[in-house]
Amino acid sequence: MKTLGQILKLSYEYISKKSSSHSRHEVDELIAHCLGKKRLDLYLNFDKPLNEVELDLIRKNLTRLAANEPLQYIEGTVQFYGCTIKVDKRVLIPRPETELLVDHIVKTIGPDSDKTLWDICTGSGCIGIALKKAIPGLKVTLSDISKDALDLARENAALNGVEVTLVQGDLLEPFKGQKSDYIVCNPPYISEAEYSSLEPHVRDYEPKLALVGGKTGLECYDRLIPAISPGTSVWLEIGALQGAHFPGAKIIQDLSHQDRFVEFIKR
Ligand code: GLN
């Protein structure tokens, strides 16, 4: 019978042979997940013998990791601004930068708002659900063009115990004749050309619909912004080189000092 210490060593060897892009950290994280432990607990249990069930699960999941499947899809959830968000190949994996956007919006709106907010291109629902949890009085609607994504967003809303409205359709199409106080959107903003040079774990697993905006990457913004009612406060996530496309908007940077969000009131 092999011990955890031996399995960790074999796993590092296997992963480094199969794929250069994975760190020991990810292997540790995956094995901890398979064993229902925290990563740091692994190091206190090197001598623990592993049973066949545990070994099977580790083998199965390591094969997925070796094929470049994102760790988040294998584990099935991510932590996002205090919410547990289920993820699978139907939706983009929520990024840590996007938590900054949520935090900025919470600080801007304040905890007691009872206004309306639409989270357009909601995907997993992470932004709208986290905002609803932080600002319980806010009336939140999640929308996405993908029915599959919306199904998962609905599960995530239930998982986090928040009540939100969900509507399906392209950008503002499901909201004809309506107006919201706030709109937040992290649309697909990668160009066709950039898509082919994305890392395999992104390109081969995350939905292309959630990543690629079109030929220039700016297409969603150009269709969305003109359709927004005057007076609406808007926050958009953008690509690091796209800031110049939003004259007059306040540009907010992420922690690596890249332009990442724009904030403006629609005129
Ligand atoms: N709103 C989701 C997120 O921020 C999905 C975004 C998308 O699919 N483009 O993660």
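Remember, predicted model here, so these are calculated numbers, not experimental data. Throughout, numbering of the chain's residues begins at 1 and tracks the sequence.
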With rounding to the nearest 0.5 Å, note down the distance linking NZ in K2 to NZ in K9. 11.0 Å
If you take all heavy atoms of I129 and N160, which pair is closest and at what distance? CG2-CB, 3.9 Å
Do the side-chain N and O atoms of S16 and E13 include a donor-acceptor pair separated by under 3.5 angstrom? no
Just wondering, do L100 and R260 contact through their side chains at under 4.5 Å, heavy atoms? no
Please tell me whether W118 and F175 form a close aromatic pair, meaning their ring centres lie under 6.0 Å apart. yes
Only counting residues at least two apart or in another chain, list the ones meeting side-chain hydrogen bond (donor to acceptor under 3.5 Å, both in side chains) with S11. none
Please report the shortest heavy-atom distance between L57 and C34, naming the atom on each side. CD2-O, 3.5 Å
Stacked cation flag K89 on Y73, 6.0 angstrom / 45 deg: no
Taking atom types as modelled, is there a side-chain donor on T98 or E237 under 3.5 Å from an acceptor on the other? yes
How about I7 and L55: do any of their side-chain heavy atoms sit closer than 4.5 Å? yes
What's the shortest heavy-atom distance between G128 and D119, and which atoms? N-OD2, 2.9 Å
Would you compute the distance between atom OG1 of T116 and atom CG of L138 and round it to the nearest 0.5 angstrom? 7.5 Å
F264: partners by ring-ring contact (aromatic ring centres under 6.0 Å, His included), with sequence neighbours left out: none
